[in-house]
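Structure first, commentary second.
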Amino acid sequence: MNFQQLRFVIAVADTGSFTKAADLCCVTQPALSNAINQFEEELGSSLFERTTRSVTTTEFGDHVIEDMRKILTARGRLFSRAGEFLARDDRTVRIGLSPLISSEFVESFLKKIKTLDSKMDIVLSEMNKADIIPALESGTIDFGLGPVPLTDSDDQSISIYSEPLLLLTSKINKEGELPAKLDELTEKQFLLVQDVCGLSGAVRMLFRDHKLDLEEYQGRALSYHILEKWAQLGIGITLLPASKVTDFSYARRLDDVHGKPVTISFQASWNKAQEDRSSFKAIFQSLSNTAS
């Protein structure tokens with residue numbers, strides 16, 4: 001048993017849908033279903049009655065699901081108490097960063113912070129997108145930076161920057177080559193990283209918004225560096241933010257079906273309670289200046 005499995009079960013119970021629960025938890029529907037199936041095997045009985053039209057909890061599910069909620073609530077309370085203790089130092093600001101955030105943005109942000117408040121201590125933690133939301137809610141981080149959409153509507157947010165999503169293939173680009181077209185990629189095998197970081201979700205959303213089919217490679221890379229290498233080897237094609245590309249000779253600009261460059265946008269989010277801290281003004285101003 002792990003906390004992610006508990007989150008998945010609660011999400012299905014609350015939404016009545018495996019698909020909606022997967023979207024809520026930032027994972028694919030098969031990944032969520034497999035995790036719940038493994039959990040059911042561990043528990044010894046089914047938690048849900050699944051039909052083509054509905055998903056409902058079984059009698060066994062009704063019996064144990066409240067205990068699952070209590071476990072997650074207790075976990076949240078633990079992190080909240082830890083966050084409250086750490087937040088007593090108003091000069092320390094803890095920021096959770098998606099691995100997708102560019103190092104250039106982070107460097108510029110930290111320089112602006114030092115200019116505005118040289119005594120502020122910024123503590124950075126690299127976090128998957130799926131972990132940023134609960135970390136903000138529990139208070140273990142003060143700000144979260146990641147791809148849009150990062151959090152739900154209860155959190156405050158600001159757009160920080162956008163950058164191109166580039167197409168990587170095994171083909172070396174020729175000088176003056178035209179951009180690739182998104183609708184020409186529907187029959188290509190796409191390489192993706194594991195679902196929790198946010199890149200795979202952004203790629204799926206891009207294709208879904210343009211009503212295009214996405215053919216996913218069954219394997220998964222653990223890093224963007226591996227995605228790039230696999231694309232160069234011809235295993236498939238992939239999309240990476242420009243700041244994560246190391247060899248631009250294999251990268252091409254990608255246009256959507258309307259002829260506009262495909263981009264990925266990022267935002268900073270925080271709980272409204274952060275706005276009462278003396279450190280907030282400098283952080284907000286640095287994020288705003290960096291975004292511009």
Side-chain angles (χ1 to χ4, degrees), residues 4 22 25-35 38 97-107 126-131 145-148 161-257 259-266:
Q4 187 177 55
C25 295
C26 301
V27 298
T28 62
Q29 191 270 329
L32 180 136
S33 296
N34 289 337
Q38 292 172 6
L97 296 171
S98 162
L100 288 174
I101 296 291
S102 75
S103 56
E104 292 82 3
F105 176 88
V106 175
E107 181 182 8
E126 189 173 74
M127 307 178 70
N128 286 316
K129 179 180 178 180
D131 297 324
L145 276 59
V148 174
Y161 74 96
S162 296
E163 63 174 309
L165 268 180
L166 300 182
L167 174 67
L168 277 71
T169 70
S170 61
K171 177 183 174 184
I172 296 179
N173 297 322
K174 299 177 181 178
E175 187 175 351
E177 192 167 9
L178 294 175
K181 301 291 186 181
L182 184 65
D183 52 356
E184 296 173 351
L185 307 180
T186 54
E187 296 182 0
K188 305 290 186 180
Q189 188 162 248
F190 257 84
L191 308 172
L192 298 174
V193 288
Q194 293 184 350
D195 299 303
V196 291
C197 76
L199 178 60
S200 297
V203 172
R204 293 190 187 103
M205 187 180 299
L206 172 67
F207 275 76
R208 186 167 61 244
D209 288 347
H210 287 84
K211 297 180 173 57
L212 297 173
D213 294 328
L214 175 65
E215 183 176 337
E216 298 185 19
Y217 179 62
Q218 290 185 352
R220 287 291 183 271
L222 288 176
S223 70
Y224 311 124
H225 174 70
I226 297 301
L227 276 184
E228 188 172 8
K229 289 299 182 184
W230 283 3
Q232 292 174 8
L233 290 172
I235 297 173
I237 63 174
T238 194
L239 299 181
L240 280 182
S243 63
K244 300 301 175 183
V245 175
T246 60
D247 187 348
F248 285 91
S249 61
Y250 291 90
R252 289 176 65 189
R253 180 182 133 184
L254 179 65
D255 287 352
D256 64 18
V257 296
K260 297 180 179 180
V262 173
T263 61
I264 183 169
S265 298
F266 297 86

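Remember, predicted model here, so these are calculated numbers, not experimental data.
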Is there side-chain contact between [X] and [Y], with heavy atoms separated by less than 4.5 Å?
{"X": "P147", "Y": "S98", "value": "yes"}
{"X": "T238", "Y": "W230", "value": "no"}
{"X": "L227", "Y": "F190", "value": "no"}
{"X": "P99", "Y": "L199", "value": "no"}
{"X": "P261", "Y": "R253", "value": "yes"}
{"X": "L167", "Y": "L182", "value": "no"}
{"X": "L214", "Y": "R204", "value": "yes"}

Checklist entry - Under the side chain to side chain contact (heavy atoms under 4.5 Å, CB included) criterion, do I101 and Y161 qualify, and how do the steps go? => result CA-CA 10 Å; I101 296 291; Y161 74 96; 4.1 Å; yes
Checklist entry - ring pair (Phe, Tyr, Trp, His ring centres under 6.0 Å) between F266 and F105: does it pass, once the steps are laid out? => result CA-CA 11 Å; F266 297 86; F105 176 88; 8.4 Å; no
Atom pair [atom1]/[atom2] of [X] and [Y] - distance to nearest 0.5 Å:
{"X": "L191", "Y": "L239", "atom1": "CG", "atom2": "CG", "answer": "10.0 Å"}
{"X": "K244", "Y": "L166", "atom1": "NZ", "atom2": "CG", "answer": "13.0 Å"}
{"X": "E184", "Y": "L254", "atom1": "CD", "atom2": "CG", "answer": "9.5 Å"}
{"X": "D256", "Y": "L206", "atom1": "CG", "atom2": "CG", "answer": "8.0 Å"}
{"X": "L100", "Y": "E126", "atom1": "CG", "atom2": "CD", "answer": "9.0 Å"}
{"X": "T28", "Y": "N34", "atom1": "OG1", "atom2": "CG", "answer": "8.0 Å"}

Any donor-acceptor N/O pair, [X] side chain to [Y] backbone, under 3.5 Å:
{"X": "S200", "Y": "V193", "value": "yes"}
{"X": "E163", "Y": "A242", "value": "yes"}
{"X": "R252", "Y": "S249", "value": "no"}

Next on the checklist: Applying side chain to side chain contact (heavy atoms under 4.5 Å, CB included) to T169 and K188, what does each step give before you reach the verdict?
Outcome noted: CA-CA 10 Å; T169 70; K188 305 290 186 180; over 6 Å; no
Item to check | From CA spacing to verdict: side chain to side chain contact (heavy atoms under 4.5 Å, CB included), L192, R220 | outcome: CA-CA 6 Å; L192 298 174; R220 287 291 183 271; 4.2 Å; yes
What's the shortest heavy-atom distance between [X] and [Y], and which atoms?
{"X": "S162", "Y": "S265", "value": "OG-OG, 2.7 Å"}
{"X": "E187", "Y": "E215", "value": "O-OE1, 3.6 Å"}
{"X": "I264", "Y": "A202", "value": "CD1-CB, 4.1 Å"}
{"X": "L168", "Y": "A251", "value": "CD1-CB, 4.2 Å"}

Checklist entry - Going by atom types alone, do E228 and T246 pair a side-chain donor with an acceptor below 3.5 Å? => result yes
Item to check | side chain to side chain contact (heavy atoms under 4.5 Å, CB included) evaluation trace for I172 with Y250 | outcome: CA-CA 5 Å; I172 296 179; Y250 291 90; 3.6 Å; yes
